[in-house]
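The next block holds one structure in the form of structure tokens; read it before the comments.
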Amino acid sequence: MPPIAQEGNCLIYRGSNFLKQRLILACLSGKPVKINQIRSEDESAPGLREYEISLIRLLDKITNGTKIELNPAGTSVMFSPGLLHGGQIHHDCCVQRGIGYYLDALIALGPFCKNPLHCTLRGVTNSKDSPSVDHIKGAALSLLKRFLLVDEGLELKVVRRGVAPLGGGEISFRCPVRKSLRAIQFQSQGMVKRIRGTVYACKVSPAMANRTVEAAKGCMLKFLPDVYIYTDQNKGKMSGNSPGFGICLLAETTDGVVFAADCSSNTREESDTPTIPEDLGQEVAMRLLDEIYRGGCVDSSYQWLAALYIALGQKHVSKFLTGALSTYTVHFLQHLRDFFSITFKLENPEAEDEDELEDVRGAQKVLMACVGIGYTNINKRVT
């Protein structure tokens, strides 16, 4: 949805959708953004939710000179971004969303800070409404490494796990800074060569993890022999504040593309019946196969991140092959146009000869092409 108005440099939007996208792009472009009528129709709980306010606080911590104005009801916010500063940060995330919700923003902004990021986030490490920490470690960081060239100083470590609803987990994230990102031509996804996974169990019987592994492995071994799933069983203080278990599967291809899928058990609020480990293992295997069918050179959850990096890259043509674009990515491309006045050429790649025609696997692909804006990290010290 395009901005409803523009006052000088400030973009004005309406509604609570895609708040995170707008705030991330405001920080990168330096343009102030004003968002009105945030859930103003909701009589019981109008305005920003607690997890959205927590995200704004996190962005305030990693920037210097940010101005935030909220009206008393919380239905309107004015966000004037400062300079991305980075450095060492501790943040307690709201447990209504997983840590993945906040990590997405840090991964997008991290390379453009003045100082290398070193963040400690506490909250829910694995939840249903945000990508899990394992998902991000496999899919998002492998994508970021392609643009950074040298991945020294890039690290995501799970210190403690904490599942919904009470959390209690902790992660440590480090990200190096770069003057600029390189232009990239990445159009080959390769063949899946191995499946890796992690099953975690917090405050539940270890048998739950083993049964989930058996079910997931049983599905994946029908397709390729190299399947290995680790179990991460936690107890005591290392297991967070709530009981639960879940699984994250990663499929690696010969060209270094990583597809990911994750699944976690129901909380008491979500369902009266407990989750059956065998069903969970089969469900995550099907989700991963669906992700592989979609294909492309990036996991579908992080198409938007690939679009951001190639848009901000050097002033050369970048091409990136993805699977069918998700709704979230389509809106992100629209927001990129609003903030940076950059548009992409999107096309379905055609096979050039009959051999290639037989080699086309999975769903219809999309080739994203654009000339980068040559974004330079003005915050980085010149050494």
Exceeds 12 heavy-atom contacts within 6.0 angstrom, atom CG of L346:
yes

For E269, look at atom CD and say whether over 12 heavy atoms of other residues, nucleotides or ligands are found less than 6.0 Å away.
yes

Would you mind reporting whether R49 and R97 have side-chain heavy atoms less than 4.5 Å apart?
no

D262 side chain to S132 main-chain N or O, any donor-acceptor pair under 3.5 Å?
yes

Which heavy atom in L117 sits nearest to a heavy atom in G110, and how many Å separate them?
CD1-CA, 3.6 Å

Just by distance, do the side chain of R178 and the backbone of P111 share a donor-acceptor pair under 3.5 Å?
no

Let me confirm one number: the CG-CD distance from L321 to Q187, rounded to the nearest 0.5 Å.
7.0 Å

Counting distance only, does the side-chain N/O of Q21 pair as donor-acceptor with the main-chain N or O of L333 below 3.5 Å?
no

Treating S265 as the side-chain partner and G244 as the backbone partner, does any N or O pair qualify as donor plus acceptor under 3.5 Å?
no

Test: E69 and K67 ion pair at under 4.0 Å
no

Please check if the side chain of Q303 supplies one atom and the backbone of A324 the other of a donor-acceptor pair under 3.5 Å.
yes

Which pair of heavy atoms, one from N241 and one from G168, lies closest together, and at what distance?
ND2-CA, 3.6 Å

Report the distance from atom CZ of R39 to atom OG of S44, rounding to the nearest 0.5 Å.
11.0 Å

Is there a chain of hydrophobic side chains (I, L, V, M, F, W, Y, each step under 4.5 Å between heavy atoms) that links F245 to V124?
no

Could you pull out the closest heavy-atom pair between L58 and Y102, with the gap in Å?
CD2-CB, 3.8 Å

Aromatic plane relationship, Y13 with F339 - under 30° parallel, 30 to 60° tilted, over 60° perpendicular
parallel

Indicate whether the side chain of S188 and that of D255 have a donor and an acceptor atom separated by less than 3.5 Å.
yes

Interatomic spacing from CG in L367 to NZ in K319 - rounded to 0.5 Å
6.0 Å

Is there a side-chain contact between L289 and M220, using heavy atoms and a 4.5 Å cut-off?
yes

Side chain to side chain contact (heavy atoms under 4.5 Å, CB included) with Y101: which of S130, S127, C93?
S130

How many angstroms lie between NZ in K34 and CE in M78, if you round to the nearest 0.5 Å?
7.0 Å

Restricting to non-hydrogen atoms, name the atom on C370 and the atom on I342 that form the minimum distance, rounded to 0.1 Å.
SG-CD1, 4.0 Å

Within the side chain of R161, is there an N or O that forms a donor-acceptor pair under 3.5 Å with the backbone of Q233?
no

So with a 6.0 Å cut-off around NZ of K193, is the heavy-atom count from everything else above 12?
yes

Using the rule that Ile, Leu, Val, Met, Phe, Trp and Tyr join whenever any side-chain heavy atoms are under 4.5 Å apart, tell me whether L83 and V177 fall into a single cluster.
no

Is the shortest side-chain heavy-atom distance between Y200 and C248 below 4.5 Å?
no

Taking the side chain as C-beta and beyond, is there a heavy-atom pair between N126 and D134 under 4.5 Å?
yes

T66 side chain vs G82 backbone, donor-acceptor pair below 3.5 Å
yes

Reported OH-to-NZ distance for the pair Y51 and K20, which is rounded to 0.5 angstrom:
10.0 Å

Does the side chain of I171 reach to within under 4.5 Å of the side chain of L103, using non-hydrogen atoms?
yes

Name the one of L181, L154, L305 that satisfies side chain to side chain contact (heavy atoms under 4.5 Å, CB included) with L144?
L154

Give a yes or no answer on whether the side chain of Y375 reaches the backbone of L28 with a donor-acceptor pair at less than 3.5 Å.
yes

Quick one, F344 and L336 - any side-chain contact, counting heavy atoms below 4.5 Å?
yes

With no hydrogens and no angle check, do the side chains of E291 and S300 hold a donor and an acceptor under 3.5 Å apart?
yes

For N266, is there any backbone N or O sitting under 3.5 Å from a side-chain donor or acceptor partner on T275?
yes

Return yes when atom CG of N348 has more than 12 non-hydrogen atoms of other residues, nucleotides or ligands closer than 6.0 Å, and no otherwise.
yes

Take the angle between the ring planes of W304 and Y302 and call it parallel below 30°, perpendicular above 60°, tilted in between.
tilted

Spacing of OG belonging to S29 relative to NE2 belonging to H335, to within rounding of 0.5 Å:
11.5 Å

Is a side-chain donor-acceptor pair under 3.5 Å present for N17 with H331?
no

Side-chain (H91) to main-chain (S54) donor-acceptor, under 3.5 angstrom
yes

In terms of relative ring orientation, are F147 and F320 parallel, tilted or perpendicular, with 30° and 60° separating the classes?
parallel

For S326 and R294, which heavy atoms make the closest approach, and how far apart are they?
CA-NH2, 4.2 Å

Is it true that K128 and E270 have a side-chain N and a carboxylate O under 4.0 angstrom from each other?
yes

Should L48 and L23 be counted in the same cluster of Ile, Leu, Val, Met, Phe, Trp and Tyr side chains packed under 4.5 Å apart?
yes

Counting neighbours of CZ on R57 that are heavy atoms of other residues, nucleotides or ligands and sit closer than 6.0 Å, is the number greater than 12?
no

Flag if over 12 foreign heavy atoms under 6.0 Å of OH, Y328:
yes

Is any side-chain heavy atom of D226 less than 4.5 Å from a side-chain heavy atom of E252?
no

In terms of hydrophobic clusters joined by side-chain contacts under 4.5 Å, are L221 and L288 together?
yes

Check whether any side-chain heavy atom of S242 lies under 4.5 Å from a side-chain heavy atom of T267, and answer yes or no.
no

So which atom in G123 and which in I99 form the shortest heavy-atom distance, rounded to 0.1 Å?
N-CD1, 3.7 Å

Would you check, one step at a time, whether the test side-chain contact (heavy atoms from CB on, under 4.5 Å) holds for V257 with V298?
CA-CA 6 Å; V257 178; V298 65; 5.8 Å; no

Derivation and outcome, side-chain contact (heavy atoms from CB on, under 4.5 Å), residues F79 and L59
CA-CA 10 Å; F79 184 83; L59 293 177; 4.3 Å; yes

Decide whether V258 and I247 are clustered together by the hydrophobic rule: side chain heavy atoms of Ile, Leu, Val, Met, Phe, Trp, Tyr closer than 4.5 Å, transitively.
no

